[in-house]
Amino acid sequence: MSAAPDPSALPAPVAAQLAELDLRPGQPLLIADADEVLFYFMRGLEGFLTGRGLYFDWRSYALYGNIRRRDDDSPVAAEELHPLLQGFFAEATESLAPVDGAAAALAELSRHAQIVVLSNLPLPARAARARALARHGMAYPLIANTGPKGPAVASLRQRVDAPAVFIDDIPHNHASVAQLAPTTRRLHFVADPRLAALLGPAPDCHHRMESWEEIHNHIAAMLQDS
Ligand SMILES: [Mg+2]
């Protein structure tokens, strides 16, 4: 019998990446997700699905149940979803389009804050994501996380005694950070407007954001006040 994973535990590969990070203890920290925050994940996924006779049915904010076959509209089964997404990350991570305004906002904010990209993606796709970040002017340290993000954010917070901001599209990541690193300012942002329309503000976020311009202005004002 195997125990359920502990949602407050830091996975060993994530701990190893965090240990290699060079952090400045006194400088504000900006922790940004990648998919649907820095890169248009759904746009890329749609192209990938089209090439496989599949499509995304925009009914809810979930991959399971909404990826369907073109020929009979049947949903892809749960056991097929994981290998499909692994294939997507392997093939498409490097070619995803960057979100409008993200690189410029981060470049400006990096004058006052240290930036870490905290992205849930398979470890083998980490190098491709790092290359894509660099190519699009966002060559910031990248952590490939698995599971809830609270443990990684809590670990980062232990090393930085300064204001911190967390930006993510997925509500349960906000819940995890709220639980394990509650003093982190949590901004909810969903880059794809079709996806954003399916989801209200995350219950555990402080603010829902509509653009990188808005995120930039919010964080700049926050850092000025701190
Ligand atoms: Mg995301």
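In this chain, numbering begins with 1 at the start of the sequence shown.
Cluster annotation: L109 is connected to F39 through the hydrophobic network of ILVMFWY side chains, with a link wherever side-chain heavy atoms come within less than 4.5 Å. Note: the hydrophobic cluster containing I215 also contains Y40 (ILVMFWY, side chain heavy atoms under 4.5 Å, direct or indirect links). L121 and I143 are assigned to two separate hydrophobic clusters, defined by single-linkage of ILVMFWY side chains at heavy-atom distances under 4.5 Å. Note on L21: it does not cluster hydrophobically with I115, by side-chain heavy-atom contacts below 4.5 Å among ILVMFWY residues. Hydrophobic clustering, with ILVMFWY side chains joined whenever heavy atoms are under 4.5 angstrom apart, keeps V177 apart from L199.
Taken from CG in L106 to CG in L30, the straight-line distance is 6.5 Å, to the nearest 0.5 Å. Residue L45 holds its CG atom at 7.0 Å from CG of L85, rounded to the nearest 0.5 Å. The distance from the CD1 atom of I167 to the OG1 atom of T184 is 12.0 Å, given to the nearest 0.5 Å. The distance from atom CG of L54 to atom CD of E46, rounded to the nearest 0.5 Å, is 12.0 Å. A distance of 8.0 Å separates CG in N217 from OG in S211, rounded to the nearest 0.5 Å. Atoms CG and SG, from D169 and C205 in turn, are 12.0 Å apart once rounded to the nearest 0.5 Å.
R126 has its side chain out of reach of T93: every pair of non-hydrogen atoms, C-beta onward, lies at least 4.5 Å apart. Within the 4.5 Å cutoff, no side-chain heavy atoms of D168 are placed close to those of L118. Residues D33 and F189 form no side-chain contact, since every pair of their non-hydrogen atoms from C-beta on lies 4.5 Å or further apart. No side-chain heavy atom of P28 sits under 4.5 Å from any side-chain heavy atom of H112.
Across all their heavy atoms, K149 and S119 have their closest contact at NZ-CA, 4.1 Å. A139 and A134 make their closest contact through CB-CA, 4.0 Å (heavy atoms, listed as atom of the first residue, atom of the second, distance). Listed here is the closest heavy atom pair of A105 and W212: CB-CE3, 3.6 Å. Residues G65 and P75 share a closest heavy-atom pair of O-CB, 3.9 Å. When all heavy atoms of M222 and A164 are compared, the pair lying nearest together is CE-O, 3.9 Å. Among all heavy-atom pairs drawn from N173 and G147, the shortest one is OD1-O, 4.3 Å.
Aromatic ring pairs are classed by plane angle as parallel below 30°, tilted from 30° to 60° and perpendicular above 60°; the pair F41 and F89 is tilted.
E80 pairs in a salt bridge (charged side-chain N to carboxylate O under 4.0 Å, His left out) with only one of the listed residues (R68, R69, R52), which is R69. Here the options are Q179, H172, H174, the test is side-chain contact (heavy atoms from CB on, under 4.5 Å), and the partner is D204; only H174 passes. A side-chain hydrogen bond (donor to acceptor under 3.5 Å, both in side chains) with Y55 is found for one member of T50, D73, N66 and no other, namely D73.
No donor-acceptor distance shorter than 3.5 angstrom exists from the side chain of R185 to the backbone of H206, with no hydrogens or angles considered. Looking at E36, its side chain does come within 3.5 Å of a backbone N or O of D192 through a donor-acceptor pair. Put simply, the side chain of E214 gets close to the backbone of E210: a donor and an acceptor are under 3.5 Å apart. Listed for the H207 side chain is no donor-acceptor partner under 3.5 Å among the backbone atoms of L187. A donor-acceptor pair under 3.5 Å is absent between the side-chain atoms of R129 and the main chain of A144, judged by distance alone. Remark: the backbone N or O of A202 is paired with a side-chain donor or acceptor of H188 at under 3.5 angstrom. The backbone N or O of Q27 sits less than 3.5 Å from a side-chain atom of Q114, completing a donor-acceptor pair. Distance alone, capped at 3.5 Å, is enough to place a donor-acceptor pair between the S110 side chain and the A107 backbone.
Around the CD atom of E108, the shell of radius 6.0 Å holds more than 12 heavy atoms that belong to other residues, nucleotides or ligands. Atom CG of D22 has 12 or fewer neighbouring heavy atoms from other residues, nucleotides or ligands inside a 6.0 Å radius.
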For the pair V37 and V117, evaluate side-chain contact (heavy atoms from CB on, under 4.5 Å) and give the outcome as yes or no after the intermediate values. CA-CA 10 Å; V37 170; V117 178; over 6 Å; no
Checking L156 against L18 for the side-chain contact (heavy atoms from CB on, under 4.5 Å) test, could you report, in this order, the C-alpha distance in whole Å, the side-chain angles of both residues, the deciding distance, and whether it holds? CA-CA 8 Å; L156 288 165; L18 289 167; 3.7 Å; yes
side-chain contact (heavy atoms from CB on, under 4.5 Å) between F166 and R157: does it pass, once the steps are laid out? CA-CA 11 Å; F166 173 76; R157 294 303 311 276; over 6 Å; no
Would L38 and V99 count as a side-chain contact (heavy atoms from CB on, under 4.5 Å) if you check the C-alpha gap in whole Å, the side-chain angles of each, and the deciding distance to 0.1 Å? CA-CA 5 Å; L38 302 181; V99 169; 5.6 Å; no
